[in-house]
Number of protein chains: 2
Amino acid sequence: MEKIPRPVIRRLVVYYRCLERMKGEGKEYTSSKELARRLGIKACQIRKDLSYFGGFGKRGVGYKVENLRERLEEILGIGQKWRAVVIGAGNLGKAIAGHKPLQQQGFEIVGMFDTDGRKIGKKFGNLEIMHMSDLKKFVEENDVKIAILCVPADSAQDAAKAVEEAGVGGILNFSARVIKVSIPVENVDFTASLKSLAFQIIKRKGKA
Amino acid sequence: MEKIPRPVIRRLVVYYRCLERMKGEGKEYTSSKELARRLGIKACQIRKDLSYFGGFGKRGVGYKVENLRERLEEILGIGQKWRAVVIGAGNLGKAIAGHKPLQQQGFEIVGMFDTDGRKIGKKFGNLEIMHMSDLKKFVEENDVKIAILCVPADSAQDAAKAVEEAGVGGILNFSARVIKVSIPVENVDFTASLKSLAFQIIKRKGKA
DNA sequence: TAGATTGTTAATCGATTAACAATC
DNA sequence: TAGATTGTTAATCGATTAACAATC
């Protein structure tokens, strides 16, 4: 398979969600032009993105909504169940663990871990908070593929290392720190996003 | 001012955080090389990024940690207080509102809004949950600059529009939907990140 | 001076956009 | 056939990396 640019995958997810909605609306066919209009993206970019994975449309006609949705589901691995653990039982960790859209989209949170003795053994919903020292065993027994890292910046590297050693497949990193591991990582650094936003607001004020 | 590529600002935030830590470690001088090593970024990229805003270093010597930190603080608007509201008083909204690192970094959550009648009037910490219909007045009276959008995808566009009309300067969008407004937006779409991560794990498995 | 590191220009790389032949 | 839209190649754009003169 040809190398896929990172941004393409992000957009594929966006296309997928739009197709889900179109399906809900009872739409049978769509086109790159229509998707482009709804998503604020160029039509040729959509076609180009799809072309990395094959031709899914009919010239002169467009794409069959359900067919394209299914193909993207397959490509993105959305069909399968992804068993995940949350590392860090703070506010954020609990919010993620309780985030309903995740469950609906095939991500099942099967465990929560922390290092704070006062939290261990407590329940959050039907999840018991476990100690990091039990992570490896739990991952092996429960076929955990993803770890969602919600720990403070200073603990991030240690936690990430433990996750990697436990045999988890990839990390969604909410901590405000670059982590160094050899498994795939996606960073969700919203304090950086917020600062970047602040910068844009300042810049804009300057112009106005 | 020359146009600054978006990714540059994100990295500036990362540099800033690293400098804060270096300051904490009592380091007086650093270099693009050292920053590069600590952050897993190329040294020339750091110099290039900084060069958009001027020359902050001394050839042959490097950068004075505290000096560079201060300049970045200034550029990014980190020195000033940013008053923000959270839209959507669900799990996620509450987690963000209670997220301590935000307060420490100059972002103050001064209000929470929702449209669910059962939530209005309830307290979260020392914040009272208010109705969206009161947003405009609140924003004007409290000089709110940022709105953090934590509503379900289907409500995102309406909420974003209300935020824009209330006169807020920019939006941090946690919802899984593209929103169309004319003020700056930063998207934090972690379900998309999670799906992108899933794809990378699949791809990697294929190779191994 | 010799060594080090910046700031900046030029080269490379990668991603987006435009254009259009293929074809439904 | 005429009109529409894809899939793909080529052109453009933008960001990263390399290279090096300037200079501490």
Side-chain angles (χ1 to χ4, degrees), chain A residues 1-15 18-19 22 27-69 71-72 75 178 192 196 199-200 203, chain B residues 1-15 18-19 22 27-69 71-72 75 178 192 196 199-200 203:
Chain A
M1 177 158 56
E2 194 187 347
K3 201 158 101 284
I4 317 289
R6 273 271 192 122
V8 171
I9 302 303
R10 296 288 301 215
R11 286 194 297 266
L12 250 40
V13 174
V14 174
Y15 305 158
C18 194
L19 289 161
M22 285 176 166
K27 239 180 182 323
E28 205 171 340
Y29 283 92
T30 187
S31 66
S32 58
K33 199 174 158 191
E34 186 185 26
L35 281 163
R37 186 178 45 72
R38 285 174 73 139
L39 298 171
I41 287 179
K42 290 265 187 323
C44 61
Q45 179 155 72
I46 294 176
R47 295 199 302 275
K48 175 80 176 154
D49 287 350
L50 295 175
S51 77
Y52 285 103
F53 299 93
F56 304 129
K58 261 208 185 70
R59 293 172 197 234
V61 180
Y63 304 92
K64 206 163 187 206
V65 169
E66 175 55 7
N67 178 255
L68 185 55
R69 194 197 65 76
R71 302 300 298 271
L72 291 182
I75 291 165
V178 177
S196 168
F199 173 81
Q200 290 169 61
K203 208 178 51 180
Chain B
M1 177 156 55
E2 195 185 348
K3 203 158 99 282
I4 315 290
R6 272 271 194 123
V8 170
I9 302 301
R10 296 288 301 215
R11 286 195 297 266
L12 250 40
V13 173
V14 175
Y15 306 158
C18 194
L19 289 161
M22 285 176 166
K27 238 178 183 325
E28 206 171 339
Y29 283 91
T30 187
S31 66
S32 58
K33 201 174 157 191
E34 187 187 25
L35 281 162
R37 186 178 46 72
R38 285 174 74 138
L39 298 171
I41 287 179
K42 290 266 186 326
C44 60
Q45 178 155 73
I46 294 176
R47 295 199 300 277
K48 176 80 176 152
D49 287 350
L50 295 176
S51 77
Y52 285 102
F53 300 93
F56 304 129
K58 262 208 183 69
R59 292 171 197 236
V61 179
Y63 304 92
K64 205 163 188 203
V65 170
E66 176 55 6
N67 178 255
L68 185 55
R69 193 196 63 76
R71 302 301 298 269
L72 291 182
I75 291 163
V178 177
S196 170
F199 174 80
Q200 290 168 60
K203 208 178 52 182

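Naming convention: chains lettered A, B, ... in sequence-line order (proteins, then strands); numbering from 1 in each chain.
As the counterpart of D:dC24, C:dG3 is assigned, both hydrogen-bonding distances of the Watson-Crick or G-U wobble pattern falling under 3.5 Å. Nucleotide D:dC13 forms a pair with C:dG14, judged by Watson-Crick or G-U wobble geometry with both contacts under 3.5 Å.
The distance from atom CD of B:Q45 to atom C1' of D:dG14 is 13 Å, rounded to the nearest whole Å. Straight-line distance from the CD1 atom of A:I41 to the C1' atom of C:dA15: 14 Å, rounded to whole Å. Straight-line distance from the OH atom of A:Y29 to the P atom of C:dC24: 13 Å, rounded to whole Å. When rounded to the nearest whole Å, the span between CZ of B:F56 and P of C:dT6 equals 13 Å. Going from atom CG of B:N67 over to atom P of C:dT6 covers 14 Å, rounded to whole Å. Distance B:L35 CG to C:dG7 P: 12 Å, rounded to the nearest Å. The distance from atom OH of A:Y52 to atom C1' of D:dT6 is 17 Å, rounded to the nearest whole Å. As a whole-Å value, the separation of B:R6 CZ from C:dG14 C1' is 19 Å.
Among the atoms of the strands shown, none is found under 4.0 Å from any heavy atom of A:K33.
Side-chain nitrogen and oxygen atoms of B:R59 include none within less than 4.0 Å of the OP1 or OP2 phosphate oxygen of D:dA22. Contact between the side-chain N/O atoms of A:Y63 and the OP1/OP2 oxygens of D:dG7 is found at a separation under 4.0 Å. Neither OP1 nor OP2 of C:dA18 sits under 4.0 Å from any side-chain N or O of A:R47. For B:S32, a side-chain nitrogen or oxygen approaches OP1 or OP2 of C:dT6 to under 4.0 Å. In this structure, B:R11 reaches the D:dT16 phosphate: one of its side-chain N or O atoms is under 4.0 Å from OP1 or OP2.
Residues B:I41 and B:A36 approach most closely at O-CB, 2.9 Å, considering heavy atoms.
For the pair B:G54 and A:K42, nearest-nucleotide mapping onto DNA chain C gives the more 5' position to B:G54. Both A:P5 and B:V61 lie near DNA chain C, and the one whose nearest nucleotide falls closer to the 5' end is B:V61.
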Please assess A:R10 against B:S196 for the test side chain to side chain donor-acceptor pair (under 3.5 Å), listing each intermediate value before the final yes or no.
CA-CA 6 Å; A:R10 296 288 301 215; B:S196 170; 5.5 Å; no
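For the pair A:K27 and A:Y29, the cation-pi test (distance below 6.0 Å, angle within 45°) is failed.
The shortest distance between side-chain heavy atoms of B:R11 and B:V8 falls below 4.5 Å.
Here the side chain of B:S51 pairs no donor or acceptor atom with the backbone of B:G54 at under 3.5 angstrom.
Each of C:dT6, C:dA18, D:dT6 was ranked by its minimum atom distance to the side chain of A:S31; first place goes to D:dT6. Taking only side-chain atoms of B:S51, from C-beta outward, the nucleotide of C:dA19, C:dT16, C:dG7 with the closest atom is C:dG7.
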